[in-house]
Amino acid sequence: MAVAKAHAIAAQIWSDCCQGTFDRSLMAYQPLINGKEVGLLEALRVRAETKRQAAAIHAYRLLRAKKTWGRA
């Protein structure tokens, strides 16, 4: 189930990037964790730090960098 949710979030982010509607605040992509809304970047940071999985670390770094693109 978690993998399916992650794929759906990734697909939405990719679609938004391609259409030029990417939400740099990442709030549009908030997952629910234990019934609470948690910002995507924060959720990925926690997962990367606790699980130390390469995919989680990569996704966190990629989104963290993407969030700052276009800023002066």
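Please read these numbers as outputs of a predicted model, since none were measured by experiment.
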The criterion is salt bridge (Lys or Arg N to Asp or Glu O under 4.0 Å); which residues satisfy it with Arg47, sequence neighbours excluded? none
Under a 3.5 Å distance rule, please check whether Thr50 uses its side chain to pair with a backbone N or O of Val46 as donor and acceptor. yes
For Thr21, what residues pass the side-chain contact (heavy atoms from CB on, under 4.5 Å) criterion, not counting sequence neighbours?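 side-chain contact (heavy atoms from CB on, under 4.5 Å) check on Thr21 returns Asp16, Gln19.
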Drop me the distance from Lys51's NZ to Ile57's CD1, to the nearest 0.5 angstrom.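 Reported value, rounded in 0.5 Å steps: 12.5 Å.
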